[in-house]
Visitor: 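One structure is given below, represented as structure tokens, and several questions about it will come after.
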Amino acid sequence: MKKNIGILGLGKSGISVANLALKLGNNVFASETATKTKEIKKLSKKILVELGGHSDKILNSDIIIKSPGLSPDIPILKKAKNKKIKILSELSFALLNSKYKKIIAVTGTNGKTTTTDLISKIIKSKHKDSIVVGNIGLPLSAKALTTTKNTYITMELSSYQLEDSPNFKANISVLLNISPDHLSHHKTMKAYIRGKENVFVNQNKNDFLIVNYDDKICRKLSKKAKSNVIFFSKKPLKNGIFYDDGKIVIQIGKKYFQIKPKINIVGMHNIENILASVSAAYFAGIHLKSIEKVISKYKGVPHRIEFVKNINGVSYYNDSKATNVDSTRVALESFDKNINLIMGGQDKGFPYTSLKQLIKKKVKAVFLIGEASNEIKKDLRGASTFFDSKSLEQALKQASMNSKTGDIVLFSPACASFDSFKNFEERGNIFKCLVNKGF
């Protein structure tokens, strides 16, 4: 039966789910606070739109689909709840209108994109009817109507998406790690963790939860799971999937297997991402030889400790995906020393002090850009020499002048991009462009 569907927020997922709701034969009304948006040209002209704020018109909806970044406490949503209007996430609505054989869902503070990308490539090597959606690529609503009962869906899910999807259920869920992030949205660490829990709370005894044993928060959370918990670790486990002297060992009950893929992506954090991917793919039924083959060819994802170019003996790395302090910590741990670090952007409300010892040990100088520069300098006082750079281009030139053969210039912001860029992808692409043309 035709329903009135309200779309709250016209970002990528809002546009996508609005078009899906229309294709399903519903009346669709979309509301956006911005006065203009580039995305709107992708919206069907049959959809009624209001820009510049959320009016009470959306309260005529049978269902409201909320964009993941919106706070649940905004006035229009409070009014909708008082009227008992059903509120769904884009993910929930898309799943109601999708078919699939298995869902593999990946979440965590860091490593989601690499792990999701690698899992999807392994699955795709054996199942052509396979898609990757969520925070990586397109929203599920963009592909929902093309899915079949044989489709494998691999998805990267943020805390925003999961907090709005309390009924979400995956056949295989992956919990990589949890450290402070998005606290300006979630307000507390407890609320952030509660959002992450939704990746597994609805699983049952036929499902699998893949958990990083080395992360204390994840290990503690896994005790709540009703599904089969499979641990992975960088160290040997009595039961689980682990890394041991270049080998990946699967030791589950009486089963024991080894693979030794060639690993092309740097850093121990990527060993964790690979272990998580092996675990998910193995329990999705992919043969270990196929898993080993795909990993051996895998070169990583753009913007995550991505090697760009060597210029006069200096290696330049783009880590624009490092939008939080913990991601930058991981990047610094991936190299020995002689790092010229470019960091800064929009502050996310979490201190930078945890980077102090690593910067003292490994970083020659720090080149600061963006709104968070003063906050970073204050938190890291005494850790290194700091330069205030007016732009990414100037920071790159200054870092280059401070480098000699064998040094590394690492762009790892530890901040959001929105003070100067559309997103971290644009920020990273500009960095790469500057490096490739020699600044």
Side-chain angles (χ1 to χ4, degrees), residues 104-112 114-119 121-123 171-179 196 199-200 203 205 207-298 300 304-305 326-327 329-336 357-358 361:
I104 302 160
V106 179
T107 197
T109 303
N110 298 306
K112 295 187 294 294
T114 298
T115 305
T116 306
D117 185 54
L118 182 51
I119 291 171
K121 285 179 167 60
I122 296 170
I123 299 292
N171 304 95
I172 301 170
S173 292
V174 180
L175 191 56
L176 292 170
N177 46 64
I178 295 178
S179 60
K196 293 292 188 188
V199 81
F200 70 82
Q203 288 187 306
K205 63 182 182 179
D207 303 318
F208 294 90
L209 173 61
I210 312 298
V211 180
N212 184 352
Y213 185 84
D214 303 331
D215 187 290
K216 290 180 181 178
I217 297 176
C218 291
R219 198 164 71 232
K220 185 178 178 181
L221 273 183
S222 70
K223 293 176 182 178
K224 296 183 178 183
K226 298 169 188 169
S227 49
N228 299 287
V229 176
I230 307 297
F231 288 119
F232 67 88
S233 174
K234 299 189 296 295
K235 299 173 184 177
L237 295 170
K238 289 183 180 179
N239 195 64
I241 296 178
F242 58 89
Y243 186 72
D244 185 21
D245 193 27
K247 301 184 294 293
I248 293 173
V249 179
I250 295 94
Q251 188 166 292
I252 308 289
K254 294 181 180 180
K255 294 180 179 178
Y256 181 92
F257 307 102
Q258 285 185 7
I259 57 173
K260 195 172 183 180
K262 180 185 175 185
I263 295 175
N264 304 298
I265 46 182
V266 300
M268 284 307 293
H269 67 289
N270 274 321
I271 298 297
E272 291 183 337
N273 296 337
I274 289 168
L275 287 166
S277 301
V278 170
S279 306
Y282 176 75
F283 285 100
I286 308 299
H287 195 278
L288 287 172
K289 284 291 181 186
S290 298
I291 294 173
E292 185 178 49
K293 186 176 179 181
V294 174
I295 293 170
S296 296
K297 291 180 179 179
Y298 188 67
R304 194 67 184 106
I305 319 182
D326 203 52
S327 290
R329 175 191 60 77
V330 166
L332 291 170
E333 287 175 343
S334 300
F335 302 101
D336 291 332
Q357 292 307 312
L358 267 176
K361 183 180 177 182

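Computation of the quantities below employed the complete heavy-atom set of this structure, encompassing side-chain atoms and omitting hydrogens, waters and symmetry-equivalent molecules. Nothing fancy with the numbering, it's 1 onward along the sequence.
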Visitor: Minimum heavy-atom separation for Lys112 to Thr116, with atom names?
Guide: O-OG1, 2.7 Å
Visitor: Could you give the distance from CZ (Phe283) to CG (Asn171), rounded to the nearest 0.5 Å?
Guide: 13.5 Å
Visitor: Given Leu221 and Ile178, is the side-chain contact (heavy atoms from CB on, under 4.5 Å) satisfied, shown in steps?
Guide: CA-CA 10 Å; Leu221 273 183; Ile178 295 178; 3.6 Å; yes
Visitor: Is there a side-chain contact between Ile172 and Ile210, using heavy atoms and a 4.5 Å cut-off?
Guide: yes
Visitor: Specify the closest pair of heavy atoms between Lys234 and Leu275, including all atoms of both residues, with the distance to one decimal.
Guide: N-CD1, 4.1 Å
Visitor: Inspect the surroundings of OH in Tyr298 and state if more than 12 heavy atoms from other residues, nucleotides or ligands are less than 6.0 Å away.
Guide: yes
Visitor: Minimum heavy-atom separation for Phe232 and Leu176, please, with both atom names.
Guide: CZ-CD2, 4.2 Å
Visitor: Report the distance from atom CD1 of Ile259 to atom NZ of Lys247, rounding to the nearest 0.5 Å.
Guide: 12.0 Å
Visitor: Taking the side chain as every heavy atom from C-beta outward, state whether Ile265 and Asn273 have any pair of such atoms under 4.5 Å apart.
Guide: no
Visitor: If you compare all heavy atoms of Gln203 against all heavy atoms of Phe208, which two are closest, and at what distance to 0.1 Å?
Guide: NE2-O, 3.0 Å
Visitor: Taking C-beta and beyond as the side chain, do Leu118 and Ile274 meet within less than 4.5 Å on heavy atoms?
Guide: yes
Visitor: Which residue, Asp244, Asp215, Asn212, Asp214, forms the side-chain hydrogen bond (donor to acceptor under 3.5 Å, both in side chains) with Ser233?
Guide: Asp214
Visitor: Using a 6.0 Å cut-off, check whether atom NZ of Lys216 has over 12 heavy atoms from anything other than its own residue.
Guide: no
Visitor: Do the side chains of Thr107 and Leu175 get nearer than 4.5 Å, heavy atoms only?
Guide: yes
Visitor: Hey, are the side chains of Ile217 and Lys196 touching, using non-hydrogen atoms and a 4.5 Å cut-off?
Guide: no
Visitor: To the nearest 0.5 Å, how far apart are NZ in Lys121 and NZ in Lys293?
Guide: 15.5 Å
Visitor: Can you name the closest pair of heavy atoms from Ile305 and Ser334 and give their distance?
Guide: CD1-OG, 3.6 Å
Visitor: Would a distance-only check, ignoring hydrogens and angles, find a side-chain to backbone donor-acceptor pair under 3.5 Å from Ser222 to Arg219?
Guide: yes
Visitor: Does Phe200 offer a backbone N or O that forms a donor-acceptor pair with the side chain of Ser173 under 3.5 Å?
Guide: no
Visitor: Using side-chain heavy atoms (C-beta onward) and a distance below 4.5 Å, is Tyr243 in contact with Ile263?
Guide: yes
Visitor: Can you tell if the side chain of Arg304 reaches within under 4.5 Å of the side chain of Val330, non-hydrogen atoms only?
Guide: yes
Visitor: Hey, what's the ring geometry for Tyr213 with Phe231, parallel, tilted or perpendicular (30° and 60° as the breaks)?
Guide: perpendicular
Visitor: Please report the shortest heavy-atom distance between Ile119 and Ala280, naming the atom on each side.
Guide: CD1-CB, 3.7 Å
Visitor: Is Asn239 atom CG crowded by more than 12 heavy atoms from other residues, nucleotides or ligands, each under 6.0 Å away?
Guide: yes
Visitor: Applying side-chain contact (heavy atoms from CB on, under 4.5 Å), run through Leu209 and Ile230 and close with a yes or a no.
Guide: CA-CA 6 Å; Leu209 173 61; Ile230 307 297; over 6 Å; no
Visitor: Are any non-hydrogen side-chain atoms of Pro261 and Ile248 less than 4.5 angstrom apart?
Guide: yes
Visitor: When rounded to the nearest 0.5 angstrom, what is the spacing between CZ in Phe242 and CD1 in Ile250?
Guide: 9.0 Å
Visitor: To the nearest 0.5 Å, tell me how far Asp207 CG sits from Lys226 NZ.
Guide: 11.5 Å
Visitor: Report yes or no: does Asn177 contribute a side-chain atom to a donor-acceptor pair with the main-chain N or O of Thr109 at less than 3.5 Å?
Guide: yes
